[in-house]
Amino acid sequence: EEAGQLACLFHFGEEKTIGVIGPAYGAIPLALPLAAALEEFFPDIVFFPARTEIIIGDNGDKIHIVPDKFKTYYERMNFIIIEDIVNKGATIREIKELFEDEARAKIIAALCIVDRGSQTAEALGVEQYFPYARINMEKYEAISCPLCKAGIPINTLLGKGKRWVRIF
């Protein structure tokens, strides 16, 4: 039911094919199920999963790239970005710029499961932004972290887990 309400908020214009970008690594698994769900609500539009890859830059930073084998396919297409967690929105802004520059594509919306940074469409530079949930995440000292107290481990292999552990 909530997915149907969200689908009613989208404005796709006359587009008949739209890609759903799952940025590497965390959001890649979200692109295919979201594309399939959107096709249920918009049967006249073909949605396809898209993705980025990560390379390590000269200074050790992780950089998103459009895989070479997809560049011509993605060219001049319209896309939605799906993210798992948004803090400052850097990944959405980076992916938007990347697809606009590398594929001359247009980003028509961004979605996320959890927005922890009170982002807006304007701040992210996208036409539409739909977070499933907004949560004010305070920064905790390790001793008072609710996840730590509950014995919930922080994944340090994917996403920003390593950086969060270093903070504490």
Side-chain angles (χ1 to χ4, degrees), residues 6 10 15 17-39 46-135 137 139-140 142 145 147-148 152-168:
L6 175 63
F10 281 109
E15 298 306 322
T17 305
I18 298 173
V20 179
I21 305 167
Y25 298 107
I28 285 177
L30 300 174
L32 181 58
L34 178 60
L38 286 170
E39 282 191 351
V46 174
F47 292 89
F48 66 93
R51 65 181 174 85
T52 64
E53 291 179 357
I54 297 278
I55 62 169
I56 305 301
D58 294 338
N59 60 357
D61 286 348
K62 293 179 181 177
I63 302 167
H64 287 270
I65 63 164
V66 175
D68 286 338
K69 63 184 173 186
F70 297 130
K71 278 185 184 177
T72 56
Y73 184 70
Y74 292 168
E75 195 165 306
R76 300 189 191 284
M77 300 288 284
N78 291 288
F79 291 91
I80 296 168
I81 300 171
I82 178 68
E83 255 293 44
D84 48 0
I85 297 173
V86 172
N87 291 299
K88 294 180 182 177
T91 301
I92 289 174
R93 285 190 293 278
E94 180 181 348
I95 299 307
K96 177 184 182 290
E97 183 177 309
L98 174 69
F99 271 69
E100 287 174 346
D101 291 348
E102 295 283 321
R104 295 187 296 269
K106 181 178 179 185
I107 304 300
I108 56 177
L111 291 85
C112 72
I113 296 172
V114 177
D115 180 317
R116 299 190 303 194
S118 302
Q119 296 300 317
T120 64
E122 295 77 23
L124 296 170
V126 296
E127 294 175 21
Q128 304 171 75
Y129 177 56
F130 303 106
Y132 178 75
R134 290 186 184 270
I135 298 173
M137 287 290 290
K139 289 189 178 178
Y140 296 99
C145 169
L147 297 177
C148 298
I152 299 171
I154 296 173
N155 184 338
T156 59
L157 300 177
L158 296 175
K160 297 175 180 77
K162 256 186 201 168
R163 192 170 79 208
W164 283 101
V165 169
R166 260 185 284 161
I167 289 172
F168 300 121

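Note: hydrogens, waters and symmetry copies are ignored here, and every other heavy atom, side chains too, is used.
Contact annotation: the side chain of Val66 approaches that of Phe99 to within less than 4.5 Å [non-hydrogen atoms, C-beta and beyond]. At least one side-chain heavy atom of Ile54 sits under 4.5 Å from a side-chain heavy atom of His64.
In terms of heavy atoms, Ile92 sits closest to Ile81 at O-CD1, 3.7 Å. Across Pro33 and Pro29, no two heavy atoms sit closer than the pair CD-O, 3.1 Å. Between Ala31 and Pro49, the shortest heavy-atom contact is CB-CB, 3.9 Å. Nearest heavy-atom pair across Leu124 and Lys96 is O-CD, 4.1 Å. Here the closest non-hydrogen pair linking Pro23 and Ile95 is CG-CG1, 3.9 Å. Considering all non-hydrogen atoms of both residues, Leu111 and Ile80 come closest at CD1-CG2, 3.0 Å.
Atom NZ of residue Lys88 and atom CZ of residue Arg93 lie 9.5 Å apart, to the nearest 0.5 angstrom. Note that the CD1 atom of Ile55 and the CD1 atom of Ile63 stand 5.0 Å from one another [nearest 0.5 Å]. Atom CD1 of Ile113 sits about 8.0 Å away from atom CD1 of Ile85, to the nearest 0.5 Å. Separating the CD1 atom in Ile82 from the CD1 atom in Ile28 is a distance of 13.0 Å, to the nearest 0.5 Å. Here the straight-line distance linking atom CD of Glu83 with atom OH of Tyr129 works out to 9.0 Å at 0.5 Å rounding. Taking CZ of Arg116 as the reference point, atom CG of Asn87 lies at 4.5 Å (rounded to 0.5 Å).
Judged by distance alone, with hydrogens and angles left aside, the side-chain atoms of Tyr74 form a donor-acceptor pair with the main-chain N or O of Arg51 at under 3.5 Å. Side-chain N or O atoms of Glu39 include one that pairs as donor or acceptor with a backbone N or O of Phe47 at under 3.5 Å. A donor-acceptor pair is defined here as one N or O able to donate and one able to accept, closer than 3.5 Å; such a pair exists between the side chain of Gln128 and the backbone of Ile108. Listed for the Gln119 side chain is a donor-acceptor partner under 3.5 Å among the backbone atoms of Gly117.
Around the CG atom of Asp58, the shell of radius 6.0 Å holds no more than 12 heavy atoms that belong to other residues, nucleotides or ligands. The number of heavy atoms from other shown groups lying within 6.0 Å of CD (Glu97) does not exceed 12.
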